[in-house]
Amino acid sequence: MPPPPTLSFGSFDFICSQTALPLCPLVGSSLVTPSCYARNIEISSGALLFEPATIFIEVIALVMTAIMVYNVKAKITLGCKEIAFLLCLYAAATINEFLLVSGIIPMASGAYKFFVSTHIGFIVAGFWALVFNGIIGFQWFEDDTPYSLWTLRGSAFSAFLIAFLISILTFSNVGGLSSTTPTLLYIVYLMVPLVFSILYGVLQTILVVNTLDDRWPLVDLFFAYLFFIIGLCLQFGLSTSLCTVSNHYIDGIFFGCIFMLLAVMMVYKYWDSVTRDDVEFAVGGKSDDSDPFLIGN
């Protein structure tokens with residue numbers, strides 16, 4: 001029996017031995033799987049639905065995201081459309097992950113690697129949009145203007161395209177990239193979002209300390225990072241243990257989805273608090289409908 005994989009830069013073996021990420025069947029010299037999976041359910045004759053608890057949380061995440069977008073659209077203040085765009089990217093990544101982890105897109109399908117590449121693209125684009133929202137607060141250029149919105153869309157699309165191409169070329173062993181040594185994909189999938197998240201936190205801390213009298217928004221930011229870190233630890237470090245303790249009902253992906261949703265909600269709450277116009281529970285209000293590219297327009 002081979003020794004268990006250890007954590008090493010550029011290799012997904014250790015991560016895939018802990019949690020069943022969608023990309024795991026596509027990378028590595030051999031298939032590495034966790035010793036414990038969340039159990040599946042049979043929805044019809046011969047048809048299985050994988051990760052039922054996780055996809056339930058993802059449905060809740062989509063509902064909560066729709067509510068947050070609605071509240072953003074009801075608010076006329078700093079960076080409304082930019083934060084709405086970020087939330088839309090989160091929703092797109094969640095929908096894509098729903099299709100992958102549930103087994104609706106089977107691993108044996110030729111389209112599987114394209115959906116995984118798209119998922120990675122949405123993740124990287126989402127974290128870049130997070131940084132862009134952090135920059136907007138400094139008012140180096142006007143928010144909610146065509147220049148701001150198209151700069152965000154263009155740069156996010158560029159981030160998506162770069163991540164998608166690196167992913168699909170790695171999975172296909174094309175262009176000098178290899179699925180057995182996916183170092184560049186490792187950087188794009190894990191390191192780049194981590195750097196973007198740290199950069200956002202630094203920018204927002206500087207913004208609050210230097211421009212606001214109220215320091216309470218930093219509490220929202222703290223909890224956003226706390227939930228994000230807890231989610232990473234549970235998904236990538238303790239997934240197998242959680243699966244065993246829960247008798248295969250849930251695993252690390254389940255907790256990763258929950259805490260990522262909580263982190264996104266706290267980012268929204270942070271944005272809401274720094275804009276000084278709390279309509280979190282509003283059921284009405286006017287919005288600027290001049291932009292056709294956002295939900296609700």
Side-chain angles (χ1 to χ4, degrees), residues 7 14-15 18-19 21 38 53-54 56-65 67-69 71-72 79 82-84 86-87 89-91 93-94 97 101 122-137 189-243 245-246 250-276 278 280-281:
L7 184 62
F14 175 78
I15 293 174
Q18 298 297 311
T19 185
L21 295 178
T54 298
F56 174 74
I57 294 300
E58 289 176 337
V59 170
I60 293 177
L62 291 174
V63 172
M64 294 304 301
T65 303
I67 293 172
M68 287 186 284
V69 170
N71 285 334
V72 168
E82 287 83 359
I83 193 71
L86 169 63
L87 293 172
L89 286 175
Y90 169 68
T94 301
E97 185 176 56
V101 302
F122 279 133
I123 290 173
V124 174
F127 275 95
W128 165 248
L130 181 69
V131 173
F132 193 94
N133 273 269
I135 296 172
I136 281 291
Y189 182 63
L190 296 177
M191 298 293 104
V192 170
L194 183 61
V195 171
F196 283 166
S197 65
I198 293 172
L199 181 58
Y200 175 78
V202 171
L203 288 172
Q204 296 315 286
T205 301
I206 294 173
L207 178 69
V208 171
V209 170
N210 289 343
T211 63
L212 299 181
D213 295 328
D214 186 6
R215 297 291 186 263
W216 278 107
L218 290 177
V219 177
D220 299 327
L221 196 63
F222 168 78
F223 277 104
Y225 278 93
L226 179 63
F227 291 142
F228 179 64
I229 293 170
I230 291 174
L232 292 179
C233 292
L234 294 178
Q235 181 170 355
F236 295 131
L238 299 173
S239 180
T240 300
S241 300
L242 293 169
C243 178
V245 169
S246 66
I250 55 177
D251 57 13
I253 298 179
F254 171 82
F255 288 101
C257 289
I258 289 178
F259 282 96
M260 180 58 73
L261 170 61
L262 292 174
V264 171
M265 292 174 67
M266 292 310 301
V267 168
Y268 161 75
K269 179 59 181 173
Y270 164 79
W271 170 83
D272 188 64
S273 63
V274 297
T275 52
R276 298 178 181 276
D278 193 358
E280 187 172 351
F281 303 105

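Quick note: numbers below take in every heavy atom, side chains included, and nothing from hydrogens, waters or symmetry partners.
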Colleague: Heavy atoms, side chains only, cut-off 4.5 Å: are Ile135 and Leu203 in contact?
Modeller: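 Contact flag for Ile135/Leu203 side chains = yes.
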
Colleague: Less than 4.5 Å apart, any side-chain heavy atom of Val192 and any of Val195?
Modeller: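 Not in contact.
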
Colleague: Using a 4.5 Å cut-off on heavy atoms from C-beta on, say whether the side chain of Val274 contacts that of Gln204.
Modeller: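 No, too far: nothing below the 4.5 Å cut-off.
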
Colleague: Of all heavy-atom pairs between Ala53 and Ile250, which one has the smallest distance, and what is that distance?
Modeller: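 For Ala53 and Ile250, the tightest heavy-atom pair comes out as CB-CG2, 3.7 Å.
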
Colleague: Aromatic rings Phe259 and Phe227: how do their planes relate, parallel, tilted or perpendicular, breaks at 30° and 60°?
Modeller: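 Answer is tilted, since the angle falls between 30° and 60°.
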
Colleague: Can you name the nearest heavy-atom pair linking Phe127 to Ser197, along with the distance?
Modeller: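 For Phe127 versus Ser197, the nearest heavy atoms are CE2-CB, 4.0 Å.
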
Colleague: Do Thr54 and Glu97 have side chains that get closer than 4.5 Å, going by heavy atoms?
Modeller: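 No, too far: nothing below the 4.5 Å cut-off.
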
Colleague: Counting heavy atoms not belonging to Phe14, are there more than 12 under 6.0 Å from its CZ?
Modeller: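 Above 12, so yes.
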
Colleague: Please report the closest heavy-atom contact between Ser273 and Asp220, naming both atoms and the distance.
Modeller: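 Heavy-atom minimum between the residues: OG-OD2, 3.3 Å.
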
Colleague: Is there side-chain contact between Thr205 and Leu221, with at least one heavy-atom pair below 4.5 Å?
Modeller: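 Yes, at least one pair of side-chain atoms sits under 4.5 Å.
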
Colleague: Between Val72 and Tyr268, is a side chain to side chain contact (heavy atoms under 4.5 Å, CB included) present by the stated rule, with each step listed?
Modeller: CA-CA 9 Å; Val72 168; Tyr268 161 75; 3.7 Å; yes

Colleague: Mind listing the closest non-hydrogen atom pair of Asn133 and Ile83 along with its distance?
Modeller: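 Heavy-atom minimum between the residues: OD1-N, 3.1 Å.
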
Colleague: With rounding to the nearest 0.5 Å, note down the distance linking CE in Met266 to CH2 in Trp271.
Modeller: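 CH2 of Trp271 is found 14.5 Å from CE of Met266.
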
Colleague: Does Ile15 reach the side chain of Leu190, with side-chain heavy atoms less than 4.5 Å apart?
Modeller: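 Heavy-atom side-chain distance check passes, below 4.5 Å.
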
Colleague: Let me confirm one number: the CD1-CG distance from Ile258 to Leu234, rounded to the nearest 0.5 Å.
Modeller: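 Atom-to-atom, Ile258:CD1 and Leu234:CG are 9.5 Å apart.
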
